[in-house]
Amino acid sequence: MLKELKNLLDEFIPTHKQEVDFDNQNVEVSKYKYLLTRAIVPDVPELVSLDKITYGDLPPLTKEVVEREVQNHKDALFLVVRHEDQLVAAIICRILTDCQEVIIDWLGVAKEFRHRGIAKKMVETVVAKAENLGLRYVKVLVDADDAYSQNLFTVAGFTHHTNSDDMIYTIA
C-alpha cells in the first residue's frame, strides 16, 4: 500500500530529474558528413579553445565550468559536432522541466566551418529534443547587435519578443 502511494506521488510530484539521454547521430549538412554527439570530458580542451575563437575577449568558459557542464546529464545537454575527428562546433543547453523550457546558453562553430548550416542543424536538434521531452519552449538570448545570430534563430523558427532580448521558439 505504501509503495503504491509512493509511486502515485512520484508520478505527480517528481522528486528527481532523470538523465537526459542523447544518441549519437551521423548527420549530413551541405554535403559534408558530421558526428553529432554528447560532449565528454576529453573534449574539454577543444571546447575551451572553441570558446576563445568564437567569443574572443568576452569572459571565457573555464576548463572547470566546461568539465562540470559536460558531466551534467540531468539538466543540461552539451552537444558537439565532429568532422573527421575534429571538434568543429558545440552547443550548451539548460533543461528546465519545471518551466517547460530549454535555454540555449552557448553555441560556437569553428571559423573554417561557419556558414555551412552546422549551427542551424544543432539548433534543430535541440528543438527536436525539447519536443521529445514534452517541453513547450526553446529560448535563447541574442545580443541586439548580433544580426548573424538573430538571422540564424529566425530561420530556425524563433520569434523575437519586443519586451525582451530573448528569441523564443514555441513548440506547437
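By convention here, the first residue in the shown sequence is residue 1. Every heavy atom of this structure was used, including side-chain atoms; hydrogens, water molecules and symmetry mates were not.
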### Query
Below 4.5 Å, heavy atoms only, C-beta onward: do Leu35 and Val81 meet side chain to side chain?
no
### Stepwise side-chain contact (heavy atoms from CB on, under 4.5 Å) check, Arg68 with Phe78
CA-CA 11 Å; Arg68 184 181 64 237; Phe78 199 147; over 6 Å; no
### Query
Does a side-chain heavy-atom distance below 4.5 Å link Asn26 with Asn24?
no
### Query
Salt bridge or not for Lys120 and Glu124, using N-O below 4.0 Å?
yes
### Query
Below 4.5 Å, heavy atoms only, C-beta onward: do Arg38 and Ile40 meet side chain to side chain?
no
### Task
Answer whether the closest heavy-atom distance between the side chains of Val140 and Ile103 falls below 4.5 Å.
no
### Query
How many angstroms lie between atom NZ of Lys139 and atom SG of Cys93, to the nearest 0.5 angstrom?
14.0 Å
#### Entry: Set of residues satisfying salt bridge (charged side-chain N to carboxylate O under 4.0 Å, His left out) with respect to Lys129, sequence neighbours excluded
Asp21
### Heavy-atom pair with the smallest gap, counting every atom of Ala89 and Ile118
CB-CG2, 3.6 Å
### Query
Should Tyr32 and Glu84 count as side-chain neighbours, where that means a heavy-atom distance under 4.5 Å?
no
#### Entry: Spacing of CD belonging to Gln100 relative to CG belonging to Leu133, to within rounding of 0.5 Å
10.0 Å
### Query
Side-chain contact, heavy-atom cut-off 4.5 Å: Glu67 with Gln71?
yes
### Query
Is any side-chain heavy atom of Val102 closer than 4.5 Å to a side-chain heavy atom of Val126?
yes
#### Entry: Contacts of type ring pair (Phe, Tyr, Trp, His ring centres under 6.0 Å), residue Phe158, not counting sequence neighbours
Phe153, Tyr169
### Query
Considering only heavy atoms from C-beta outward, does the side chain of Leu135 approach that of Ile95 to under 4.5 Å?
yes
### Message
Just to verify, what does Asp146 make a salt bridge (charged side-chain N to carboxylate O under 4.0 Å, His left out) with, not counting sequence neighbours?
### Response
none
#### Entry: Shortest non-hydrogen contact between Val138 and Ala130, atoms and distance
CG2-CB, 3.7 Å
### Query
How long is the gap from CZ on Arg82 to OG1 on Thr37, to the nearest 0.5 Å?
9.0 Å
### Task
Not counting sequence neighbours, which residues clear salt bridge (charged side-chain N to carboxylate O under 4.0 Å, His left out) with Arg116? List them please.
none
### Query
Listed by chain and number, what are the salt bridge (charged side-chain N to carboxylate O under 4.0 Å, His left out) partners of Glu28, not counting sequence neighbours?
Lys33
Let me check something: any side-chain donor-acceptor pairs from residues 47-56 under 3.5 Å, sequence neighbours excluded? List them with distances.
unit_1 : atom_1 : unit_2 : atom_2 : d
Ser49  : OG     : Pro45  : O      : 3.2
Asp51  : OD1    : Trp106 : NE1    : 2.9
Asp51  : OD2    : Leu61  : N      : 2.8
Thr54  : OG1    : Leu50  : O      : 2.8
Tyr55  : OH     : Leu107 : O      : 2.5

### Query
Quick one: does Arg136's side chain have a donor or acceptor within less than 3.5 Å of a partner on Glu101's backbone?
no
### Task
Identify the heavy atoms of Arg94 and Ala76 that sit nearest to each other, and give their distance.
NH1-CB, 3.5 Å
### Query
Any sub-3.5 Å donor-acceptor pair from Asp43's side-chain atoms to Glu46's backbone N or O?
no
